[in-house]
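Read the structure below first, then the notes.
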Number of protein chains: 2
Amino acid sequence: MSCAEPKRCHHNQLVNCGDCRLGPLCLPIALNTAEIDQLDDIVKRGRPLGKGEHLFRQAEAFGAVYAVRSGSFKAYSTSDDGTEQVTGFYLPGEILGMDGISSLKHCSSAVALETSTVCEIPFGRLEELSSQLPSLQRRFFQIMGNEITKDQQMLTLLGKNSAEERVASLLLSISSRNHHRNLSPTRFRLSMSRAEIGNYMGLTVETVSRVFSRLQKQEVIGVDNREVEILDMAKLKSVANVT
Amino acid sequence: MSCAEPKRCHHNQLVNCGDCRLGPLCLPIALNTAEIDQLDDIVKRGRPLGKGEHLFRQAEAFGAVYAVRSGSFKAYSTSDDGTEQVTGFYLPGEILGMDGISSLKHCSSAVALETSTVCEIPFGRLEELSSQLPSLQRRFFQIMGNEITKDQQMLTLLGKNSAEERVASLLLSISSRNHHRNLSPTRFRLSMSRAEIGNYMGLTVETVSRVFSRLQKQEVIGVDNREVEILDMAKLKSVANVT
DNA sequence: CGAGTCATTGATGAACTTCAAAGGGAGTGG
DNA sequence: CCACTCCCTTTGAAGTTCATCAATGACTCG
């Protein structure tokens, strides 16, 4: 993708928080113009990361949280025995890196699943600014609360639900997050592999693949490699066990 | 338990944050004496809750977080179809109720597993005070970060680990939390039922019971109903797959 | 003391994993 | 630009673990 039209390019480093089309999804919600400018001052916009590049690694010192501007990331933690557990996928407008807040060390790693850009928000300065701007403090509490709620929903999913329910839930989650970003909720490209989906959902690659095949045979979804189309949203929701 | 000795009774409502023996585990960490007094002013100490009484219920308006002072709580969420998922157990010194911060509605319920007391911390006033006391703001960010980290470790456990690993991990978690509170890390009474453990760990009652029996037969633990003794800590850790 | 909940144990079966093999796609280097 | 390679994906067959069903025993609390 070329960046001939800076204003519209997703990887453009120059757009500030006030102009960012992700603003309504990201940290600035509920801030007024002056407050957004203050937030903007502490945000660092980095160069794009290529697929496979790390944003941070487990055990590194924690210094900042990151807002995804374009692309997508996978967060995962590595156990002593070397096995990995995917703890989340992050799409544009979402905040990652909060795992390091408690111990000041990251307890997970984050890697780009495709060419991606982020806004880096140094945590120390975010804390300072939060003290001065109650709406920013509230917003950040809210974002952390969201992460907690999301993780607890994942616990329910992993504890109780079948393979089909898990995979269907993931597709619905991505669909809904795309919808919020004004992208198609029914057609999208998965930036993660079957193995990564399986790891995240507590399943093997083979099981994920089989679920995809079954859902396709039932004409609930259409799948072509990583391209997914949701053909029957109602049925997909019933498979996922949500209303 | 009678409260003839108010200073030492766990259910005593009069002890303030500065004198509370749980202080070093709870919110006040990292606050100085004057700051603790300010925190103390917003904390409400309630009457004891009996076993089975709810602290808050799913879908209720969120107004406060709670620090456990004595006893223990179970947090759980209920799906549309009526099934419940336990999302956590909370012991003295731990904070619960943060699930409501993002949407201002509780998305889980909390029930006392035995006679228990809590300190209620109205969230609005906590936010205000956090703006004024950077160390309190930092501490609360840290507590929320802890909750995130804990939930993500649970995700790994549910996604990858066998029944034995899950149950062993829970026992080790309780052991270590008891240890921090200067209680025996090797002998304790479980305040939750096998069904609640199973629900939390994504297992059935029967499986939990069988794991307990197997661990007892291998002389890793001793179990008499809800009384547990860890006989071989090293072996329990190896069963749980931790170092 | 009795009723009901909670815990244990056994037998059976289903869901998912593991092992195995072969068929695409994307990217690279000749 | 094509061919090669590697990784990702799909599909099949066999094996495990845990859930389900069922029955009995133990504890707790009115």
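Because the structure is predicted, anything quoted here is derived from the model rather than measured. The sequence lines fix the lettering, A, B, ..., with proteins before strands; numbering per chain opens at 1.
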Over how many whole Å does the gap from [X] atom [atom1] to [N] atom [atom2] extend?
{"X": "B:Leu215", "N": "C:dT9", "atom1": "CG", "atom2": "P", "result": "13 Å"}
{"X": "B:Met192", "N": "C:dC6", "atom1": "CE", "atom2": "C1'", "result": "15 Å"}
{"X": "B:Asn161", "N": "D:dT17", "atom1": "CG", "atom2": "P", "result": "14 Å"}
{"X": "A:Leu190", "N": "D:dT10", "atom1": "CG", "atom2": "P", "result": "10 Å"}
{"X": "B:Glu165", "N": "D:dT17", "atom1": "CD", "atom2": "P", "result": "11 Å"}
{"X": "A:Lys160", "N": "D:dT20", "atom1": "NZ", "atom2": "P", "result": "10 Å"}
{"X": "A:Ile197", "N": "D:dC8", "atom1": "CD1", "atom2": "P", "result": "13 Å"}
{"X": "A:Gln216", "N": "D:dT10", "atom1": "CD", "atom2": "C1'", "result": "11 Å"}

query = Nearest heavy-atom pair of B:Tyr200 and B:Leu158: which atoms, and what distance?
reply = O-CD2, 4.2 Å
ask   = Minimum heavy-atom separation for A:Ala163 to A:Val211, with atom names?
value = CB-CG2, 4.0 Å
remark   = Sorted by position of nearest nucleotide on DNA chain C, 5' first, the leading residue of A:Val208 and B:Phe212 is B:Phe212
message = I need the B:Lys74 NZ to B:Met192 CE distance, nearest 0.5 Å.
response = 10.0 Å
inquiry  = Tell me whether the side-chain N or O atoms of A:Arg210 pair up with the base of D:dG12 as donor and acceptor below 3.5 Å, since no angle test is needed here.
reply    = yes
ask   = Under the 3.5 Å rule, do the base of D:dC21 and the side chain of B:Glu206 count as making a donor-acceptor pair?
value = yes
Salt bridge present between [X] and [Y] (N-O < 4.0 angstrom):
{"X": "B:Glu114", "Y": "B:Lys51", "answer": "no"}
{"X": "B:Lys160", "Y": "B:Glu165", "answer": "no"}
{"X": "A:Arg214", "Y": "A:Glu164", "answer": "yes"}

For [N], does OP1 or OP2 lie under 4.0 Å from any side-chain N or O of [X]?
{"X": "B:Ser209", "N": "C:dT9", "value": "no"}
{"X": "B:Thr204", "N": "D:dT20", "value": "no"}
{"X": "B:Thr207", "N": "D:dA19", "value": "yes"}

ask   = Where does the angle between the aromatic ring planes of A:His106 and A:Phe56 fall among parallel (under 30°), tilted (30 to 60°) and perpendicular (over 60°)?
value = parallel
request  = Enter the inter-axis angle for the ends of the helix from C:dC1-D:dG30 to C:dG30-D:dC1 (five pairs per end, rounded to 10°).
outcome  = 50°
ask   = Hey, is the main chain of B:Val86 close enough, under 3.5 Å, to the side chain of B:Asn199 for a donor-acceptor pair?
value = yes
request  = Ignoring hydrogens and angles, tell me if any N or O in the side chain of A:Ser184 forms a donor-acceptor pair with the backbone of A:Arg187 under 3.5 Å.
outcome  = yes
key: Out of C:dC16, D:dT11, D:dT9, whichever nucleotide has its closest atom nearest the side chain of A:Ser213   = D:dT11
note = Of the listed C:dC16, D:dT9, C:dC6, the closest approach to the B:Arg226 side chain comes from C:dC6
query = Which part of the nucleic acid, if any, lies within contact of B:Gly202, taking any heavy atom under 4.0 Å across all strands shown: a base, the sugar-phosphate backbone alone, or nothing?
reply = sugar-phosphate
ask   = Looking across every strand, which nucleic acid part, if any, lies under 4.0 Å from B:Arg214 by heavy atom: base, sugar-phosphate, or nothing?
value = nothing
Between the protein and nucleotides 25-30 of chain D, list the N/O to N/O atom pairs that are separated by less than 3.5 angstrom.
none

ask   = In chain order, what residues pass the ring pair (Phe, Tyr, Trp, His ring centres under 6.0 Å) check against B:Phe188, with sequence neighbours excluded?
value = none
